[in-house]
Asks: 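Supplied in structure tokens, the structure appears directly below.
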Protein chains: 2
Amino acid sequence: MKLNLTMQRKAVLEVLQQSHDHPTAADVMDRLRAQGNAFAYGTVYNSLRYLTEAGLVKELKLGEVASRYDARMEDHHHVVCTRCGRVDEVAIELPAEWLGKAAQETNYELHHASVVLEGVCATCSVLNNPSK
Amino acid sequence: MKLNLTMQRKAVLEVLQQSHDHPTAADVMDRLRAQGNAFAYGTVYNSLRYLTEAGLVKELKLGEVASRYDARMEDHHHVVCTRCGRVDEVAIELPAEWLGKAAQETNYELHHASVVLEGVCATCSVLNNPSK
DNA sequence: TATCTCTTTAGAATCATTATAAATTTAGAA
DNA sequence: TTCTAAATTTATAATGATTCTAAAGAGATA
């Protein structure tokens with residue numbers, strides 16, 4: 001399967017590469033519009049799916065209504081701020097030992113692990129309790 | 001806030017307590033119907049939200065379209081079989097040390113961690129490769 | 001009893017996403 | 001180059017989960 005990067009797909013990919021806040025499909029749409037690329041909704045979804053399948057982009061399902069997308073392909077996890085909705089990345093990997101125990105307990109052949117942490121980000125924490 | 005368990009809410013809770021497969025709202029609806037309780041859709045969603053807020057039930061967002069619900073309140077994680085969609089539980093807790101590192105790296109005040117593992121369950125694994 | 005609040009109900013509305021069908025573009029063959 | 005087949009984009013309709021709304025019902029309290 002050779003890569004077929006149409007201008008639409010390239011534009012979507014570039015938006016993701018230039019974003020560091022894990023935009024949703026609607027966010028991507030807006031950013032494309034802002035730069036003069038008014039593609040059809042379906043095209044944006046199509047492109048996101050294509051890029052995801054091509055392994056150029058990751059789809060993040062963090063328990064919110066909408067999926068988010070990320071062009072950072074190194075494996076990593078995420079933290080969501082329960083106050084402002086901001087999403088940050090967690091670079092630390094799960095201990096292999098822990099995964100091993102999980103595989104053993106469940107009797108699954110594990111392929112992927114995703115951790116979603118919830119908490120309050122530094123900014124919101126300060127806002128709420130300036131004495132910090 | 002005192003607990004107000006109407007008959008509808010009680011029925012929804014009981015369905016969840018008797019289910020061990022993490023049913024979706026639609027599943028709950030079906031099971032209620034099957035036992036003669038034909039509540040309105042809105043009521044089931046309302047009850048699920050109420051029970052979740054009351055801490056009697058957990059809402060699971062495992063990256064599928066629909067939320068699943070679980071009356072097991074002990075903290076635990078989940079494995080999803082990518083072949084058949086089956087969801088099982090993982091009782092092992094994340095190492096506190098790992099969480100500590102994550103909190104430090106991200107500068108978040110962490111409140112909750114949820115791990116979703118993906119893999120192939122024992123049944124599907126055998127089906128696909130009977131030599132095992 | 002009268003009133004107030006909470007709940008249920010049916011159905012409409014919303015939101016993210018997918019499907020459809022026609023129009024357009026692209027790539028490769030002739 | 002010209003033709004044709006396959007892939008893609010587009011606009012729009014459809015879907016599926018969930019929430020909202022407004023009216024009706026139930027319960028509790030004064």
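Source: prediction; values computed, not measured. Labels below follow one simple rule: chain letters A, B, ... track the order of the sequence lines, proteins then strands, and each chain is numbered from 1.
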Asks: With distance as the sole test, does Thr24(A) use its side chain to make a donor-acceptor pair with the main-chain N or O of Ser67(A) at under 3.5 Å?
Replies: no

Asks: Of all the nucleotides listed (dT9(C), dA16(C), dT7(C)), which has the minimum atom distance to the side chain of Thr43(B)?
Replies: dT9(C)

Asks: Whether Thr24(A) contacts dA16(C) is assessed here as follows: a side-chain N or O lying under 4.0 Å from the phosphate OP1 or OP2. Is that the case?
Replies: no

Asks: Rounded to whole angstroms, how far apart are CZ on Arg49(A) and C1' on dT9(D)?
Replies: 14 Å

Asks: The side chain of Asn4(B) is closest to which nucleotide in this list: dC6(C), dA16(C), dT10(D)?
Replies: dC6(C)

Asks: Would you kindly give the CE-to-C1' distance between Met29(B) and dT8(C), to the nearest whole Å?
Replies: 12 Å

Asks: If the cut-off is 4.0 Å, is Thr6(A) near the phosphate of dA7(D), judged by side-chain N/O to OP1 or OP2?
Replies: no

Asks: Can you figure out which of dT7(C), dT18(D), dT9(C) approaches the side chain of Phe39(B) most closely?
Replies: dT9(C)

Asks: Once rounded to the nearest 0.5 Å, what's the spacing between atom CG of Asn37(A) and atom OG1 of Thr43(A)?
Replies: 11.5 Å

Asks: Hey, what's the ring geometry for His22(B) with His78(B), parallel, tilted or perpendicular (30° and 60° as the breaks)?
Replies: perpendicular

Asks: Rounded to the nearest angstrom, tell me the gap between atom OH in Tyr45(A) and atom C1' in dT15(D).
Replies: 13 Å

Asks: Which listed nucleotide (dT10(D), dT8(D), dT17(C)) is nearest to the side chain of Tyr50(A)?
Replies: dT8(D)

Asks: Distance check needed: dT7(C) P versus Met7(B) CE, whole Å only.
Replies: 15 Å

Asks: Using a heavy-atom cut-off of under 4.0 Å over every strand shown, decide if Ala26(A) touches base, sugar-phosphate, or nothing.
Replies: nothing

Asks: Counting heavy atoms from C-beta on, name the nucleotide in dT18(D), dT9(C), dA11(D) closest to the side chain of Ala40(A).
Replies: dA11(D)

Asks: Sort out the partner of dG28(C) for me: Watson-Crick or G-U wobble, both distances under 3.5 Å, none otherwise.
Replies: dC3(D)

Asks: Flag the pair Leu32(A) / Phe39(A) as yes when at least one side-chain heavy-atom distance between them is below 4.5 Å, and no otherwise.
Replies: yes

Asks: Nearest whole Å is fine: how far is dA26(D) C1' from Lys10(B) NZ?
Replies: 15 Å

Asks: Do NZ/NE/NH1/NH2 and the carboxylate oxygens of Arg86(B) and Asp88(B) come within less than 4.0 Å?
Replies: yes

Asks: Can you tell me the distance, in whole Å, between the OH atom of Tyr41(A) and the P atom of dA19(C)?
Replies: 18 Å

Asks: Using the side-chain heavy atoms of Ser67(B), tell me which of these nucleotides is nearest: dT18(D), dT8(C), dT10(D).
Replies: dT18(D)

Asks: Calculate the interatomic distance between Leu5(B) atom CG and dA28(D) atom C1'; express it in whole Å.
Replies: 17 Å

Asks: Take atom CG of Leu60(B) and atom P of dT18(D), then tell me their distance rounded to the nearest Å.
Replies: 12 Å

